[in-house]
K.L.:
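Below: one structure in structure tokens.
All figures in this text were calculated on a predicted structure; none of them were measured in a lab.
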Amino acid sequence: MTGILDDFKNAWDKPNNALPQLIIINVAVFVVTAIIYVVGTIAGFEGMVDAIFHGIFFIPPVFSDFLMKPWTIMTYAFAHDLRGIFHILFNMLMLYWFGRLIVDYLGSDRLIKLYVLGALAGAALYLLLFNLLPFYQEQASRISGMIGASAAVYAVIVAAATLMPNHTFFLLFFGPVKIKYIAAFSIFVSFLGSVGSNSGGNVAHLGGALIGYYYIATLNKGGDIGAWIISFMNWVKSFFVPRSKIKVTYSRKEKSTSRSSSKSATNASQDEIDVILDKISESGYESLSSDEKQKLFNASKK
């Protein structure tokens, strides 16, 4: 048990470690809620446990119900169906495979931005359709709500496919497949499912996919629609992390030298970044060496 706790703690001690942190949070929520659900059912409190679980995590389809528990617009994206393992297993595998590409190319913070934006966009489209379109309004009274990280994961999948469409995964029984085809297939399956038994979940997938594409499109133009997410997280952290009482000052001469040096380093590295981007265009992201990936990662954070 100590070893597990140490592994859990170390995941937060390492910088730029958002991918394992997101996976750990999802798995931890699943394990804890599953244990409570099983114990509560055996003890005869199934109804109470179910009510608490729905109250904390399920985002309801009816807008008036949602207003009574607005926190579910985010908590739903960290909980999964307790009746089986495949819901969370599929989501975490896809998050790991595609999330690694986002972290390698864009950095850890942008993976967090994509996950949060995907969850919000999935919930927004879900609420919009279930409260405006008659087809979905008829179903709203028959469903208790929605949970799952799928919308957030779809944002990561589509963002990675938009960023590097020709990157290849080796799939069992299929061999090498470009990730743009994996993303396209996933979107089409969700589009078909948007009128099926899990219409709410599939609608949320499409919302996540849309924001994943839009995020990369705006990022390529120099914008970052998720910048507020990290700012908000840092603001929350500021209440729990004590501020340093040590005041550091620098002379004007040191500042001038530092700026000059930094500017020189940025200009010097731009040619290298251009060469790396040309290499990606010609041979794909997988052709980069570890040093080239690191240089690209560092440049993306500037």
Side-chain angles (χ1 to χ4, degrees), residues 8 10-30 73-80 88-123 148-165 167 169 179-180 182-183 186-187 204-205 207-220 222-237 280 285-286 288 290 292-302:
F8 190 86
N10 290 337
W12 268 263
D13 288 339
K14 297 177 182 177
N16 302 317
N17 210 32
L19 180 56
Q21 289 171 0
L22 286 171
I23 293 173
I24 287 173
I25 292 171
N26 276 277
V27 172
V29 169
F30 180 79
I73 199 169
M74 185 53 60
T75 57
Y76 89 94
F78 293 94
H80 291 82
I88 187 172
L89 180 63
F90 176 80
N91 277 339
M92 293 305 101
L93 284 174
M94 297 296 276
L95 177 60
Y96 177 74
W97 290 331
F98 287 89
R100 284 183 61 187
L101 298 180
I102 295 297
V103 171
D104 284 345
Y105 193 81
L106 296 178
S108 193
D109 282 354
R110 284 181 176 142
L111 176 63
I112 296 174
K113 295 173 187 177
L114 275 168
Y115 192 97
V116 173
L117 288 172
L120 294 175
S150 301
V153 172
Y154 265 67
V156 175
I157 291 172
V158 173
T162 304
L163 192 64
M164 49 193 86
H167 185 86
F169 283 166
I179 62 173
K180 62 183 177 183
I182 299 175
S186 300
I187 292 170
H205 297 173
L210 283 171
I211 201 68
Y213 171 79
Y214 184 68
Y215 180 79
I216 298 301
T218 56
L219 198 64
N220 288 334
D224 189 344
I225 60 173
W228 63 271
I229 295 169
I230 300 301
S231 298
F232 177 75
M233 289 175 60
N234 289 335
W235 176 74
V236 173
K237 288 178 183 176
I280 292 175
Y285 181 77
E286 62 273 21
L288 299 184
S290 297
E292 289 170 331
K293 289 179 181 178
Q294 187 61 46
K295 288 177 182 177
L296 203 58
F297 169 70
N298 292 338
S300 72
K301 297 182 69 178
K302 292 178 180 178

K.L.:
For a 4.5 angstrom cut-off between non-hydrogen side-chain atoms, does M233 reach I230?
P.N.:
yes

K.L.:
Show the numbers, then the answer: is there a side chain to side chain contact (heavy atoms under 4.5 Å, CB included) between Y105 and R110?
P.N.:
CA-CA 10 Å; Y105 193 81; R110 284 181 176 142; over 6 Å; no

K.L.:
Can you name the closest pair of heavy atoms from A123 and I73 and give their distance?
P.N.:
CB-CG1, 3.6 Å

K.L.:
A151 and G122: which non-hydrogen atoms are nearest, and at how many Å?
P.N.:
CB-CA, 3.9 Å

K.L.:
Do the two ring centres, one from Y154 and one from F98, sit under 6.0 Å apart?
P.N.:
no

K.L.:
Under 3.5 Å, side chain of Y115 to main-chain N/O of A77, donor-acceptor pair present?
P.N.:
yes

K.L.:
Taking the side chain as every heavy atom from C-beta outward, state whether L106 and I216 have any pair of such atoms under 4.5 Å apart.
P.N.:
yes

K.L.:
D224 and K113: which non-hydrogen atoms are nearest, and at how many Å?
P.N.:
OD2-NZ, 2.7 Å

K.L.:
Rounded to the nearest 0.5 Å, what separation is found between the OH atom of Y214 and the OG1 atom of T162?
P.N.:
13.5 Å

K.L.:
Given 3.5 Å as the limit, does a donor-acceptor pair link the side chain of S150 with the main chain of H205, or not?
P.N.:
no

K.L.:
Supply the atom-to-atom distance M92 CE to N26 CG, rounded to the nearest 0.5 angstrom.
P.N.:
3.5 Å

K.L.:
How are the rings of H80 and F30 set relative to one another: parallel (under 30°), tilted (30 to 60°) or perpendicular (over 60°)?
P.N.:
perpendicular

K.L.:
Would you please classify the geometry between the F169 ring and the H167 ring as parallel, tilted or perpendicular, with 30° and 60° separating the classes?
P.N.:
perpendicular

K.L.:
Do you know which two heavy atoms are closest between N91 and A149, and how far apart they sit?
P.N.:
ND2-N, 3.7 Å

K.L.:
What closest approach, in Å, do G226 and L117 show between heavy atoms, and which atom pair accounts for it?
P.N.:
CA-CD1, 4.0 Å

K.L.:
Please report the closest heavy-atom contact between L19 and G99, naming both atoms and the distance.
P.N.:
CD2-C, 4.0 Å

